[in-house]
Colleague: 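Dropping a structure here in structure tokens format, bear with me for questions.
Throughout, protein chains are lettered first and strands after them, A, B, ... in sequence-line order, and every chain is numbered starting at 1.
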4 protein chains.
Amino acid sequence: METNKRDAILKAALALFAKRGYDGTTVPMIANTAQVGAGTIYRYFENKETLVNALFQQCVQEFSETLKFEEIDPSSDMRDQFHYIFKRLIKFADTNIHALLFIESHNSAYYIDVTSRKAFQGLMETLRQMMQNGKDRGVIKDLQTDALIALVYGAFVMLFKLIQAGLLDESEAMLKEVEESCWNAIKIL
Amino acid sequence: METNKRDAILKAALALFAKRGYDGTTVPMIANTAQVGAGTIYRYFENKETLVNALFQQCVQEFSETLKFEEIDPSSDMRDQFHYIFKRLIKFADTNIHALLFIESHNSAYYIDVTSRKAFQGLMETLRQMMQNGKDRGVIKDLQTDALIALVYGAFVMLFKLIQAGLLDESEAMLKEVEESCWNAIKIL
Amino acid sequence: METNKRDAILKAALALFAKRGYDGTTVPMIANTAQVGAGTIYRYFENKETLVNALFQQCVQEFSETLKFEEIDPSSDMRDQFHYIFKRLIKFADTNIHALLFIESHNSAYYIDVTSRKAFQGLMETLRQMMQNGKDRGVIKDLQTDALIALVYGAFVMLFKLIQAGLLDESEAMLKEVEESCWNAIKIL
Amino acid sequence: METNKRDAILKAALALFAKRGYDGTTVPMIANTAQVGAGTIYRYFENKETLVNALFQQCVQEFSETLKFEEIDPSSDMRDQFHYIFKRLIKFADTNIHALLFIESHNSAYYIDVTSRKAFQGLMETLRQMMQNGKDRGVIKDLQTDALIALVYGAFVMLFKLIQAGLLDESEAMLKEVEESCWNAIKIL
DNA sequence: TATGAATGAGCTTTCATTCAT
DNA sequence: CATGAATGAAAGCTCATTCAT
């Protein structure tokens, strides 16, 4: 199936970690799902902890690349910036819902190392900057930045958790409406 | 310390499950934290899975009791109802942050049984009804109900996750502002 | 059989390490021989390496106690001192041949830690002192002390290795003769 | 480096087996030290056990060749014969200390096969014959032959173990003296 | 012929669970 | 009732061996 074994392992691990968590996923489960021998995993990753961190960092990397935050002109209209970011968030969720939920549920776990944690914080920092920029320009509410993130990112994450669980149908119209709602939550009326 | 051993075990399990997850927490860890013998846990719970489900149901129960949804008059002003619920959510988070985060991170786990899942869904149903009521009365946006829940409850949960992580300072003013934001997200302008 | 499990484990490990070496002995083998569960071994020893070092130190301890070097009067006749030590060496070999051969074959292995190594060196030091004393008094040859030890202890160890292998019959007469031979090897004619 | 891969493998294996024992040495370790691929080892040896036996037999062979026992005239002076053998033992130790210690520590191991064991016994037999010859001629003590071997060969082996460990300095004078000591141990006074 | 990626049997170790005290 | 020593099934991991290249 998969020509690159390392990727097959990461893919299998992502699906399983997202579904069963780190400690609830055994190495044989990953090997089985990835269609490789259990020993093969150790040719690519020193141990299970190294694997979960490599995976975490890869997911964060993909998330960053999808957001393409550097393409945003900070001087452009705030609502447009918000629209751009929200579109990208949705794109990432659509492309790699496992990665999104994996990052969200593992970012503060005890087995996540300093490098991984820093990568994640770097990602969040870009969102924080946009919020700060909006606050500075008097367009976004003067709340603590992380509260603003909770309002938008928290809502976004739960939205896709519910979609993933089959409790909610994804549609362009709904997502457009939710974007508007999130913006209403943080903008100054 | 704790006169009631069953409660001591549940309390210890809650703290540990919240911190390390279900599979990352060992029974001896729980016994140690609860200051009881490992064997004692099996006098109160058939096994680890029974324990986690009993705990989950207890947390959901406490959450329900805190919300006191039955006190709300469905015919009263929607904004007032929302205010009441939001206050109660905050009260629960303040009283038992571990329980809130435990429910949130474990509600769809593989070891959560049907009874537990139903209890959780019952809880969510009350929130759903309020949203539905608001939609029926033309005060709240006509989005799928679960999308509305994501907007409010998703934001709320992440807010307290960040507070718990020490990234955000909790204050009356901030919470009042966040409540207003959540309301702005779902109300019809 | 064995009332004390820790001792049963050490006894089983000694026999197996002596026969098959450290890496050639598996923990299940030890558990099986000691008639305990594999997990039980880890209640008494942190890991296999801790076990082998605890065993080594215990063997050295027993060896030291058997030699009772402190009972020797350094001013007494050198030949009498030699006789006393040789008798004690034989006693140890007769009582605990496994321990003797285990010490001999493992004392410089890579898994033997500093504490164990020091314990062994302490033991050898007592033999070295006796040799030195004999040299000082002009009774024993003026060779490097470790060469004298090789002459006596090397011969002694191989003697019991051959006895243990069934290639040589142990008898009072033979041992008396060997003692005489060892003395002849090191004394000044 | 090494033109002959088979020899490179045997050389690497000898050094590693001497240092870490058979079970403590992995095939990749040997491959790495010999600068060949792991698979290459299996082109020259059926498996690890075949390899260790081939190595053992080669070491015994070299030992035999160094001793050149056939050059000894059994009717010549006993002390001269002893001197000749001792010289040869030292030569072997100087030339190939690893081989000497490897033979000594592995000759009764569980993975040593019948052929290897016989080769070793053949080697020892030559020493035994010399001792027997000396006993017959009334020059060497009437002890069991293997006890005589223990006296000489046991001392000799430990001497070089200590030299190898850096605890003892090798010198012509010392070796001459040790030879004399060994002779004194077994000769009839 | 030479290789080293891949494998799975089997190793060391952990931990949910039991039971004698 | 309460305990924690004991257990063995199953986890994480290693390594002798194979085989496609």
Colleague: Step by step, work out the side-chain contact (heavy atoms from CB on, under 4.5 Å) result for B/Q164 and B/H98.
Modeller: CA-CA 9 Å; B/Q164 157 79 359; B/H98 279 337; 3.9 Å; yes
Colleague: For the pair B/F17 and B/H106, name the ring-plane relationship: parallel under 30°, tilted 30 to 60°, perpendicular over 60°.
Modeller: tilted
Colleague: Please enumerate all residues that pass side-chain hydrogen bond (donor to acceptor under 3.5 Å, both in side chains) together with A/N96, with sequence neighbours excluded.
Modeller: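 By the side-chain hydrogen bond (donor to acceptor under 3.5 Å, both in side chains) rule, A/N96 matches A/E62.
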Colleague: Would you kindly compare B/G39 and B/M29 by the position of their nearest DNA chain E nucleotide and give the one closer to the 5′ end?
Modeller: B/M29
Colleague: Report the residues that fulfil ring pair (Phe, Tyr, Trp, His ring centres under 6.0 Å) with B/F63, sequence neighbours left out, ordered by chain and then residue number.
Modeller: B/F92
Colleague: With sequence neighbours left out, what residues match D/F45 under ring pair (Phe, Tyr, Trp, His ring centres under 6.0 Å)?
Modeller: none
Colleague: Do D/D113 and D/S116 meet the criterion of a side-chain donor-acceptor pair at a distance under 3.5 Å?
Modeller: yes
Colleague: How far apart are the closest heavy atoms of B/I112 and B/N107, and which atoms are they?
Modeller: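 Nearest pair, atom of B/I112 first, then B/N107: CG2-O, 4.2 Å.
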Colleague: What does the 5'-to-3' dot-bracket notation of DNA chain E look like when only Watson-Crick and G-U wobble pairs under 3.5 Å count, and pairs to other strands show as |?
Modeller: .||||||||||||||||||||
Colleague: Under 3.5 Å, is there a donor on one side chain and an acceptor on the other for B/N47 and B/T50?
Modeller: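 Looking only at side-chain atoms, B/T50 and B/N47 do form a donor-acceptor pair, the distance falling under 3.5 Å.
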Colleague: If you assign B/G37 and A/T40 each to the DNA chain F nucleotide with the nearest heavy atom, which residue ends up on the more 5' nucleotide?
Modeller: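 Taking each residue's closest nucleotide, the earlier one in sequence belongs to B/G37.
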Colleague: State, without any angle test, whether C/D23 and C/Y110 hold a side-chain donor-acceptor pair at a distance under 3.5 Å.
Modeller: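 Short answer, yes.
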Colleague: Round to a whole Å and report the spacing from NZ of C/K5 to C1' of F/dA5.
Modeller: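 Taking atom C1' of F/dA5 as the reference, NZ of C/K5 is at 9 Å.
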Colleague: Output the rounded distance in Å from CD (C/Q35) to C1' (F/dT7).
Modeller: 14 Å
Colleague: Kindly say if A/Y42 contacts the phosphate of F/dT14, meaning a side-chain N or O under 4.0 Å from OP1 or OP2.
Modeller: no
Colleague: Can you check the B/N32 CG to F/dG4 P distance for me, whole Å?
Modeller: 10 Å
Colleague: When the distance from CD1 of B/I9 to P of F/dT3 is rounded to whole Å, what number comes out?
Modeller: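 Checked: the CD1 to P distance equals 9 Å.
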Colleague: Could you state the CD1-P distance from D/I30 to F/dA16, rounded to the nearest angstrom?
Modeller: 8 Å
Colleague: Could you identify which residues of residues 15-28 of chain A place a heavy atom less than 4.0 Å from some atom of DNA chain F, listed by residue number, or say none?
Modeller: A/T25, A/T26, A/V27, A/P28
Colleague: Are D/Q61 and D/E65 close enough that a side-chain donor and a side-chain acceptor fall under 3.5 Å?
Modeller: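 Result is yes, a qualifying pair exists.
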Colleague: For residues D/T25 and D/K48, report the shortest heavy-atom separation together with the two atoms involved.
Modeller: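 Nearest heavy atoms, D/T25 then D/K48: O-NZ, 2.7 Å.
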Colleague: Using a strict heavy-atom distance below 4.0 Å, which residues from residues 43-57 of chain B are in contact with DNA chain E?
Modeller: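 The answer is B/N47, B/K48.
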